[in-house]
Amino acid sequence: MEERKVRVRFAPSPTGPLHMGGVRTALFNYLFAKKNGGDFLLRIEDTDQTRFVKNAEAYIVESLKWCGIKVDEGIGVTPEGPYGPYRQSDRKPLYKQYAYQLIESGNAYFAFDTAEELAELRTKGEQTKVPFVYNHKTRMELCNSLTLSKEEVDRRLANGEQFVIRFKMPENQEVDLYDEIRKEVHFNTNELDDKVLYKSDGMPTYHLANVVDDYLMKITHVIRGEEWLSSMPLHVLLYRAFGWEDVMPKFAHLPLILKPQGQGKLSKRDGDKLGFPVFPLFWVGDDGETAQGYRENGYLPEAFVNMLALLGWNPGTEQEIFTMDELIQAFSLERVGKSGSRFDPEKTKWFNQQWIHRTDSKTLAEMFMKILKEKNISASMDYVVKVCDMIKERAVFVQDLWTNGYYFFEAPQSYEPKDVKKRWKDNASEKIQKTLEFLENESDYTSKVLEEKTMSFIATNEFNVGQICNCLRLAVVGACMGVHLFDIFEMIGKEETLNRVRKALQTIQVEE
RNA sequence: GGCGAGUUCGUAUAUCGGUUAGUACACAAGGUUUUCAUCCUUGUUAGAGCGGUUCGAUUCCGCUACUCGCUACCA
């Protein structure tokens with residue numbers, strides 16, 4: 001077979017916000033495509049009108065964009081590309097001919113059983129513990145073009161009666177499949193059923209639409225979640241039935257992402273319960289329901305992507321921090337694991353911390369500026385960059401820039417009682433009063449210079465360094481925390497430093 | 001119930017028949033820091049069970065157990 005350009009697709013259903021498991025599937029597709037010089041397409045599989053959610057598509061596009069996953073072709077790109085449209089509802093008329101083609105070749109048939117009839121058979125099956133399956137064993141006892149006369153079928157079709165088209169699953173056939181991650185997988189067609197390919201509303205089901213579109217869009221590799229492994233034989237059989245086996249894509253089924261604790265796959269509920277996001281972006285649905293997002297919770301997209309990449313894949317080296325380009329370089333399907341991975345919110349925080357440390361202060365400052373603006377604080381870019389330089393290594397989330405650096409922008413509004421109790425004693429007020437007088441007489445507030453002078457002042461007065469410094473810190477920060485004391489003095493300047501010390505002297509005296 | 005897939009420290013993973021089973025997160029104890037955080041050092045903890053194959057199995061095979069997925073006119 002001649003070399004085909006690698007083309008992969010991410011094909012989500014717009015049924016709600018895109019789950020982080022979905023983002024990972026998109027990411028792996030993207031990494032694989034870029035690693036192999038191929039294209040990454042985005043196709044929307046909106047064949048189920050009953051579950052369609054309006055904002056979902058825009059959410060998907062925005063999520064991928066935030067993550068730095070660039071779509072080469074399809075939804076969100078203008079022009080969309082040569083194989084469009086890329087929304088299955090817009091391709092609706094196209095599927096019918098393929099379904100009929102399968103009927104003509106004897107691989108599919110019309111079925112007229114109503115949903116109610118089938119539901120009844122299923123409940124009956126449950127009661128008798130013989131589950132009902134629409135397959136080679138039962139199809140000849142049901143209402144379809146295999147059991148009805150040709151005239152009757154034609155009559156029903158002409159009358160516009162509701163029908164579906166089902167795949168006629170061959171009997172007792174061994175299907176040997178090859179999955180890029182799981183290697184050989186075998187099925188016997190007797191275990192499979194006659195899946196609906198074309199629904200009574202004129203829409204294809206996932207199976208038909210997926211195969212037809214992948215064929216038409218010249219997809220070379222299908223990389224998707226493990227929940228699809230069971231339908232792989234159906235899909236391969238469909239390629240065979242259509243006579244497309246020579247251009248059938250290769251398949252790779254990704255392991256699932258599991259709950260941090262307990263059992264089952266990761267769900268929105270876990271996030272609510274354990275306090276971490278399950279979605280990349282904040283979501284608010286038509287029903288007013290909301291969901292937390294990594295972006296709004298202060299995660300950097302680099303960290304989110306980095307974490308996702310290492311969930312189910314590893315480079316085989318001890319490197320853990322990867323840029324997108326490094327991921328592309330290092331990625332291969334061979335190193336994707338077979339077993340489900342439990343999601344670890346703690347490790348995710350660690351990734352974010354690492355990325356905040358690595359992100360240059362100017363980028364951080366731009367994000368910090370937005371937080372400051374919300375608080376009606378104005379500061380120069382230069383100043384904010386300096387602050388970020390000093391505090392970024394103690395931040396885990398973007399918003400920590402504020403919680404760990406507010407004192408660069410405003411005076412403390414209270415003094416941590418525990419620290420006051422621990423430090424503001426043994427005539428602290430008296431000593432700080434003296435120190436204040438000393439500080440008032442100093443003019444050079446350069447960190448190094450002021451530190452040196454203050455230290456000798458403390459020495460000549462035989463004060464305790466720890467006490468004085470911590471009390472000053474309490475005055476300026478409001479708690480025993482934060483960066484180097486004299487760096488704070490330099491940053492906020494003499495005037496502000498003195499004001500804060502004076503205020504502390506008044507306030508804390510009262511509390512004492 | 002049936003079918004498919006999976007199973008290494010608490011978690012994510014390395015190992016591609018021979019290792020004191022490595023690393024990271026988390027946790028614990030020290031150190032650094034006038035504070036907090038960062039950072040550094042050290043430490044605890046792992047091959048589901050049972051049978052094979054083999055000179056030797058975490059690694060190969062089988063069985064059992066458990067977990068996950070599928071079993072819709074949902075994807």
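Within every chain, numbering begins at 1; the chains are lettered A, B, ... in the order of the sequence lines, protein sequences first and strands thereafter. All figures in this text were calculated on a predicted structure; none of them were measured in a lab.
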Taking the P atom of each, how far is B:rG52 from B:rU58, in whole Å?
15 Å

Is A:N404 near enough to B:rA37 that one of its side-chain N or O atoms lies under 4.0 angstrom from OP1 or OP2?
no

N or O in side chain of A:T47 less than 4.0 angstrom from B:rA75 OP1/OP2:
yes

Can you confirm if the aromatic rings of A:F331 and A:F28 lie within a centre distance of less than 6.0 Å?
yes

How far, in whole Å, is B:rA57 from B:rU64 if one measures between their P atoms?
23 Å

Just checking A:Y95 against A:Y98, ring centres under 6.0 Å apart?
no

State whether A:K338 places a side-chain N or O below 4.0 Å from either non-bridging phosphate oxygen (OP1 or OP2) of B:rU8.
no

Taking the same atom, P, in B:rC61 and in B:rU54, what whole-Å distance lies between them?
16 Å

Could you pick out which residue, A:C480 or A:E318, lies toward the 5' side of RNA chain B when each is mapped onto its nearest nucleotide?
A:E318

Ring centres of A:Y299 and A:F304 under 6.0 Å apart?
no

Do other residues, nucleotides or ligands put more than 12 heavy atoms under 6.0 Å from A:K92 NZ?
yes

In whole Å, what separates the C1' atom of B:rU67 from that of B:rA29?
36 Å

Once hydrogens and angles are ignored, does a donor-acceptor distance under 3.5 Å link the base of B:rU35 to the side chain of A:R473?
yes

Heavy atoms only, 4.0 Å cut-off, all strands: where does A:S230 land among base, sugar-phosphate and nothing?
base

Are the side chains of A:K168 and A:N107 in contact, using a 4.5 Å heavy-atom criterion?
no

Check the pair A:L238, A:F167 against side-chain contact (heavy atoms from CB on, under 4.5 Å), reporting the backbone distance first and the verdict last.
CA-CA 8 Å; A:L238 279 170; A:F167 185 64; 3.7 Å; yes

If you assign each of A:W313 and A:E451 to its closest nucleotide in RNA chain B, which residue comes earlier from the 5' end?
A:W313

Would you mind pulling out the nucleotide paired to B:rC16, Watson-Crick or G-U wobble, both distances under 3.5 Å?
none

Given the P atoms of B:rU15 and B:rU7, what is the spacing between them in whole Å?
13 Å

Sticking with atom P, work out how far B:rA26 lies from B:rA65, rounded to a whole angstrom.
38 Å

Given that both distances must come in under 3.5 Å, which nucleotide forms a Watson-Crick or G-U wobble pair with B:rC66?
B:rG6

How far, in whole Å, is B:rC3 from B:rU59 if one measures between their C1' atoms?
28 Å

Strictly below 4.0 Å: does A:R335 bring a side-chain N or O up to OP1 or OP2 of B:rC16?
no

Considering only atom C1', compute the distance from B:rG62 to B:rU53 and round it to an integer number of Å.
11 Å

Could you state the atom-to-atom distance from CD of A:E320 to P of B:rA24 in whole Å?
8 Å

Can a side chain N or O of A:R166 be found less than 4.0 Å away from OP1 or OP2 on B:rC73?
yes

What is the nucleic acid contact for A:L192, judged by heavy atoms within less than 4.0 Å: base, sugar-phosphate only, or nothing?
nothing

